[in-house]
Amino acid sequence: MKNKSLLLSLLSFSLLIILWAVFTHFGNFSDQVFPSPILVLNSAIELFNNGTLLQHVVASLYRVTVGFYLAVLLGIPLGIMLGRMTLVRQLVNPIIQFLRPISPLAWIPLAMLWFGIGDKPAIFLIFLSSFFPLVVATTMAVSSINPVYFHVASNFNFSQQEIIKKVIIPAILPEVLTALRLTIAIAWLVVVAAEMIAVQSGLGYLILDARNALRMDIVMVGMIVIGMIGVMLDLIMLRLAAIDSIAWNKES
Amino acid sequence: MGRILIQDVAKRYLNRRYNERTNDAHTTKKTITVLEHVSLEFQDGEMVCILGPSGCGKSTLLRMVAGFESATSGKILIDDQPVIEPSSDYIFVFQHNGLLPWMTVWENVELGLRHLNNEQEKTDTIQEYIDMVELEGFESYYPHQLSGGMQRRAELARAIVVNPELLIMDEPFSGLDFLTHLKMREEVVNMHQFIKKTIVVVTHDIDDALVMADRVVVMGNAPNNVVLDRKLDFPHPRNIEKVDGLRELRDELYLMLGVNYAV
């Protein structure tokens, strides 16, 4: 079954590339407007061989990693706190609900003013894009924990620390992992946008720079690499979510 | 040890109903009395079965005995000590999902022994109780990988491994298929004769009470919560059809619970 779905996705990608090749071959487009797959492949190999591609990928992944981890480190504990303490939740939640729908991109002017040029504003934007969804998802996951588990915990004299470590965290893990999966996709979307403004490296910068040089082949290389890394990040999260002790809520 | 005294216990809830028209959650405050003047006494080592219609407060009473909820008025004493908070001396066996689903059978049974320093003793004890409920070979299984009956047995092992003074069971056989139900019931009776601790069971099933109980309590709605409190002095194992007195009691209980037992 798994082989079959892999085969089918390979087939659909091959069809897409063939369609693309046919389109550019007979379409009478200029290479500057719509480059052919061969041209894009050659540019990709060239960028890979001289090391620039890897350099940009590493720069983008670095920013996503730092921003995302900061969001996880702050957002999940805050979410647990909000989920447990009704009063704090009623106090803080309105602010979160207000800030949440503001696109991280709207923060770009302030981010540049506050953090200047370089990695910092980009990391800040990634952080913002991941932080709010994680807080909201964690809060909801905590407040929907079956009360029976807390009864069990008190019945066996769990300490506060044990309640967090042995009940709350494992109980919310499946939902939090789903949230992480959605969030990392958003973070990856945002990093590319952020890199078009404030930095001199990263896949977003590669695309912007190539556009200025009218190198659509390099733009497309950037897009393809972004897509591939996005799929990879998603697969890693899926793998995590399938571990037995994490996926305790799956149907038997 | 394990003597329970329930003295004039009442439980009232303030029902805050959401008022759609005024958008105010506090406009209709209505007190609901679940339990009123409940006084009962269970002896040490007794198997007590509590019967009653849904909503009569029997589960509430059970949760108060376990210390999960407090009484609005009145007192609950276990061995002359008032129940203030849950304790591993009184283990509650839940109706559904009582096992922590992210822990294996082994880890669940280990919960009550996690402060034990002697690793060898701990391992031996856990294995002994897992074997007792016939789950050897399933130690590293997660609850969702087990059948309903196996989950109940694992929870039972987790409960009795700490050697509690009192076991509290909320509809322990609900949701099990007919044969598993009968087998589990037999196991609980055998276990009770083995550990000789007080067990309080809430059930919907009259036959469960007749087969298991040393004392049957029938509950009704407030303010008349205790309808019947009777000692059952029959030897185990019991066959309802063949024991004089049990059949008559069954008819009586059915009538008491509002069913004319005929078929």
Side-chain angles (χ1 to χ4, degrees), chain A residues 76 79-80 83-84 86-87 89-91 93-94 97 137-138 141-180 237 239-252, chain B residues 25 59 62-70 83-116 138 140-148 150-151 154-155 158-159 161-162 164 166-171:
Chain A
I76 291 179
I80 290 176
R84 289 292 282 164
T86 320
L87 189 72
R89 177 163 74 236
Q90 284 166 342
L91 212 64
N93 218 22
Q97 295 301 340
T138 311
V142 171
S143 53
S144 65
I145 296 175
N146 188 340
V148 165
Y149 304 144
F150 291 113
H151 285 327
V152 172
S154 62
N155 210 166
F156 286 99
N157 305 331
F158 277 30
S159 64
Q160 268 307 314
Q161 211 184 346
E162 281 178 308
I163 288 178
I164 292 176
K165 251 175 63 184
K166 294 185 180 169
V167 179
I168 295 177
I169 290 177
I172 63 175
L173 215 49
E175 282 162 78
V176 167
L177 270 174
T178 307
L180 288 177
M237 286 297 171
R239 272 287 161 80
L240 266 179
I243 297 172
D244 254 346
S245 59
I246 292 175
W248 55 267
N249 61 345
K250 73 182 170 198
E251 296 291 316
S252 48
Chain B
S59 288
L62 223 54
R63 285 200 296 275
M64 290 194 298
V65 172
F68 296 147
E69 286 183 38
S70 53
V83 177
I84 303 163
E85 54 182 8
S87 148
S88 51
D89 285 338
Y90 338 127
I91 297 293
F92 200 100
V93 178
F94 293 89
Q95 191 177 352
H96 294 297
N97 303 322
L99 295 170
L100 296 182
W102 44 85
M103 291 184 181
T104 61
V105 169
W106 183 278
E107 289 166 334
N108 265 289
V109 178
E110 196 181 7
L111 281 183
L113 301 176
R114 66 194 190 287
H115 296 309
L116 216 62
F138 293 96
S140 57
Y141 279 56
Y142 286 94
H144 70 86
Q145 296 167 318
L146 303 175
S147 70
M150 290 160 96
Q151 290 179 17
E155 202 183 335
R158 184 181 72 182
V161 78
V162 299
L166 166 66
L167 267 186
I168 305 161
M169 308 174 96
D170 191 7
E171 299 188 29

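Letters A, B, ... mirror the listed sequences (proteins, then strands); counts begin at 1. Note that these values count all heavy atoms, side chains included, but never hydrogens, waters or copies made by symmetry.
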Report yes if the side chains of B:F92 and B:L62 come closer than 4.5 Å at any heavy-atom pair, otherwise no. yes
Using modelled atom types and a 3.5 Å cut-off, is there a donor and acceptor pairing between side-chain atoms of A:E175 and backbone atoms of A:I172? no
Can you say whether A:F150 sits under 4.5 Å from chain B via the side chain, the backbone, both, or neither, judging by heavy atoms? neither
Short question: side chain of B:R63, backbone of B:E69 - any donor-acceptor pair under 3.5 Å? no
Does a side-chain N-to-carboxylate-O contact under 4.0 Å join A:K166 and A:E162? yes
Considering only heavy atoms, which portion of B:R158 lies under 4.5 Å from any heavy atom of chain A: side chain, backbone, both, or neither? both
Could you tell me which portion of A:A171 (side chain, backbone, both or neither) has an atom closer than 4.5 angstrom to a non-hydrogen atom of chain B? both
Top residue by heavy-atom pair count (under 4.5 Å) with chain A, among B:G112, B:S88, B:A66, B:G67? B:S88
Given that the side chain runs from C-beta out, which part of B:F94 has a heavy atom under 4.5 Å from chain A: side chain, backbone, both or neither? side chain
Say whether, by atom type as modelled, one donor and one acceptor occur between the side chain of B:D170 and the main chain of B:V93 under 3.5 angstrom. no
